Participant: 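One structure coming up, written as structure tokens, with questions to follow.
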Amino acid sequence: MNTLEVAKKWQEMCQQGKNIECIEELYADNITSKEMPGVPYGEVISGKKEVLEKSKQWLDDVIEFHSGEISDPVVAGNHFTSKMSFDVTFKSRGRQQMEEVCIFEVKDGKITNEQFFYTM
């Protein structure tokens with residue numbers, strides 16, 4: 001898959017709530033994931049197994065998704081970006097409205113880097 005195909009598949013799977021399946025299918029084994037400073041599971045995570053665990057921890061903390069939106073991806077070369085917005089109730093911190101910008105790098109048909117920008 002080229003970058004646009006990966007981006008569209010990523011968007012489709014995330015919109016369907018298939019976040020774990022998305023990581024399993026679209027992420028490279030050597031993925032690097034970067035979060036904002038202060039997140040409980042680490043700012044930089046490397047490796048598909050570790051990124052899967054980070055995502056499972058986040059999802060396990062969710063009580064209810066009230067709404068969510070994932071924008072159409074914008075592709076530039078081997079990168080794509082998307083805006084995600086959520087209204088979520090967490091076990092650990094109650095209900096929150098979240099907005100973030102996500103940037104991904106694709107190599108050989110797999111996501112090799114992801115970085116998230118948001119206000120904590």
Side-chain angles (χ1 to χ4, degrees):
M1 287 189 287
N2 64 31
T3 302
L4 178 59
E5 292 166 333
V6 170
K8 287 184 180 244
K9 183 73 173 176
W10 171 87
Q11 179 191 28
E12 175 186 311
M13 293 181 86
C14 290
Q15 286 174 331
Q16 294 172 353
K18 296 180 178 179
N19 302 68
I20 300 303
E21 296 91 336
C22 180
I23 294 168
E24 290 170 341
E25 181 178 333
L26 298 178
Y27 283 41
D29 290 339
N30 63 342
I31 177 75
T32 299
S33 179
K34 298 176 185 170
E35 296 277 352
M36 297 299 291
V39 296
Y41 31 76
E43 295 170 25
V44 179
I45 305 287
S46 296
K48 187 188 283 190
K49 180 180 175 187
E50 290 76 9
V51 171
L52 275 167
E53 184 57 35
K54 173 188 80 157
S55 294
K56 287 176 183 176
Q57 286 178 19
W58 192 89
L59 290 168
D60 285 347
D61 193 33
V62 172
I63 296 171
E64 183 178 354
F65 281 99
H66 305 284
S67 65
E69 183 179 330
I70 299 171
S71 72
D72 289 337
V74 175
V75 176
N78 64 329
H79 291 84
F80 71 94
T81 187
S82 182
K83 175 187 169 192
M84 295 195 298
S85 303
F86 299 105
D87 181 2
V88 181
T89 299
F90 294 97
K91 295 173 192 171
S92 65
R93 53 187 185 241
R95 189 168 179 172
Q96 291 185 319
Q97 287 76 42
M98 305 169 58
E99 274 190 326
E100 61 186 302
V101 173
C102 319
I103 300 174
F104 301 89
E105 182 178 10
V106 177
K107 291 183 183 171
D108 300 321
K110 297 287 185 180
I111 296 171
T112 58
N113 288 292
E114 66 178 6
Q115 188 165 3
F116 303 99
F117 297 91
Y118 48 87
T119 303
M120 296 223 7

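Since the model is a prediction, treat every value here as computed from it, not as a measurement.
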Participant: With sequence neighbours left out, write down each residue that passes side-chain contact (heavy atoms from CB on, under 4.5 Å) with Lys49, or none if nothing qualifies.
Facilitator: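 So Lys49 forms no side-chain contact (heavy atoms from CB on, under 4.5 Å) with any residue.
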
Participant: Measure the shortest side-chain to side-chain distance between Asn19 and Ser55 over non-hydrogen atoms and say whether it is less than 4.5 angstrom.
Facilitator: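 Answer no - side chains too far apart.
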
Participant: List the atom of Phe116, the atom of Ser33, and the distance in Å for their closest heavy-atom pair.
Facilitator: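 Where Phe116 meets Ser33 most closely, the heavy atoms are CE1-OG, 3.9 Å.
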
Participant: Should the pair Asp61-Lys91 be classified as a salt bridge under the 4.0 Å nitrogen-to-oxygen rule?
Facilitator: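 So Asp61 does not pair with Lys91 through a salt bridge.
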
Participant: Cys22 and Trp10: which non-hydrogen atoms are nearest, and at how many Å?
Facilitator: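 Minimum heavy-atom contact is SG-CD1, 3.5 Å.
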
Participant: Output side-chain donor-acceptor pairs under 3.5 Å for residues 100-112, partner residues at least two apart or in another chain, one line each.
Facilitator:
unit_1 : atom_1 : unit_2 : atom_2 : d
Glu105 : OE1    : Asn113 : ND2    : 2.7
Lys110 : NZ     : Glu25  : O      : 2.5
Thr112 : OG1    : Glu105 : O      : 3.4

Participant: Could you give the distance from NE2 (His66) to CZ (Phe86), rounded to the nearest 0.5 Å?
Facilitator: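 Between atom NE2 of His66 and atom CZ of Phe86 there are 13.0 Å.
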
Participant: Who passes side-chain hydrogen bond (donor to acceptor under 3.5 Å, both in side chains) against Asp87, sequence neighbours left out?
Facilitator: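 side-chain hydrogen bond (donor to acceptor under 3.5 Å, both in side chains) list for Asp87, sorted by chain: Arg95, Gln97.
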
Participant: So which pairs with a foot in residues 12-36 pass ring-ring contact (aromatic ring centres under 6.0 Å, His included), sequence neighbours left out?
Facilitator: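 For residues 12-36, and leaving out neighbouring residues, there are no ring-ring contact (aromatic ring centres under 6.0 Å, His included) pairs at all.
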
Participant: If every non-hydrogen atom of Gly77 is compared with every non-hydrogen atom of Thr3, which pair is closest and at what distance?
Facilitator: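 In this case the closest contact between Gly77 and Thr3 is O-OG1, 3.4 Å.
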
Participant: What residues form a side-chain hydrogen bond (donor to acceptor under 3.5 Å, both in side chains) with Lys9, not counting sequence neighbours?
Facilitator: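 Listed in chain order: nothing, the list is empty.
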
Participant: Could I get the full list of side-chain hydrogen bond (donor to acceptor under 3.5 Å, both in side chains) partners for Glu35, not counting sequence neighbours?
Facilitator: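 With sequence neighbours excluded, Glu35 shows a side-chain hydrogen bond (donor to acceptor under 3.5 Å, both in side chains) to Lys54, Tyr118, given in chain and number order.
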
Participant: Name all residues meeting the side-chain contact (heavy atoms from CB on, under 4.5 Å) criterion together with Gln57; count only those two or more places apart in sequence or in a different chain, and write none if there are none.
Facilitator: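 Gln57 satisfies side-chain contact (heavy atoms from CB on, under 4.5 Å) with Tyr41, Glu53 once adjacent residues are dropped.
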
Participant: To the nearest 0.5 Å, what is the distance between CG on Leu59 and CG on Leu52?
Facilitator: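 Those atoms lie 10.5 Å apart.
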
Participant: How long is the span from the OG1 atom in Thr119 to the CE atom in Met98, to the nearest 0.5 Å?
Facilitator: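 Here the rounded value is 10.5 Å.
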
Participant: I need the Gln11 CD to Asp72 CG distance, nearest 0.5 Å.
Facilitator: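 Gln11 atom CD to Asp72 atom CG measures 5.0 Å (nearest 0.5 Å).
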
Participant: Got a sec, which residues hit side-chain contact (heavy atoms from CB on, under 4.5 Å) with Leu4, two or more places apart in sequence or on another chain?
Facilitator: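 Per chain and number, Leu4 pairs via side-chain contact (heavy atoms from CB on, under 4.5 Å) with Asn2, Lys8, Val75.
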
Participant: How many angstroms lie between atom CD of Glu43 and atom CE of Met36, to the nearest 0.5 angstrom?
Facilitator: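 That separation rounds to 9.0 Å.
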
Participant: Of the non-hydrogen atoms in Ser71 and Ser82, which two are nearest, and what is the gap between them?
Facilitator: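 Ser71 and Ser82 have their closest heavy atoms at O-OG, 2.9 Å.
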
Participant: State, to 0.1 Å, how close Ile70 and Gln15 come at their nearest heavy-atom pair, and which atoms those are.
Facilitator: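 Reported closest heavy-atom pair: O-NE2, 3.4 Å.
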
Participant: Suppose we screen for side-chain hydrogen bond (donor to acceptor under 3.5 Å, both in side chains). Which residues come up paired with Asn30, at least two apart in sequence or across chains?
Facilitator: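 Residues passing side-chain hydrogen bond (donor to acceptor under 3.5 Å, both in side chains) with Asn30: none at all.
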
Participant: The criterion is side-chain contact (heavy atoms from CB on, under 4.5 Å); which residues satisfy it with Val62, sequence neighbours excluded?
Facilitator: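 With sequence neighbours excluded, Val62 shows a side-chain contact (heavy atoms from CB on, under 4.5 Å) to Trp58, Phe65, Val88, Phe90, given in chain and number order.
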
Participant: For Phe117, what residues pass the ring-ring contact (aromatic ring centres under 6.0 Å, His included) criterion, not counting sequence neighbours?
Facilitator: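 ring-ring contact (aromatic ring centres under 6.0 Å, His included) list for Phe117, sorted by chain: empty.
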
Participant: Please report the closest heavy-atom contact between Lys48 and Ile23, naming both atoms and the distance.
Facilitator: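 Minimum heavy-atom contact is CE-O, 3.8 Å.
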
Participant: According to salt bridge (charged side-chain N to carboxylate O under 4.0 Å, His left out), who are the partners of Lys83, at least two apart in sequence or on a separate chain?
Facilitator: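 Result, salt bridge (charged side-chain N to carboxylate O under 4.0 Å, His left out) vs Lys83: Glu99.
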
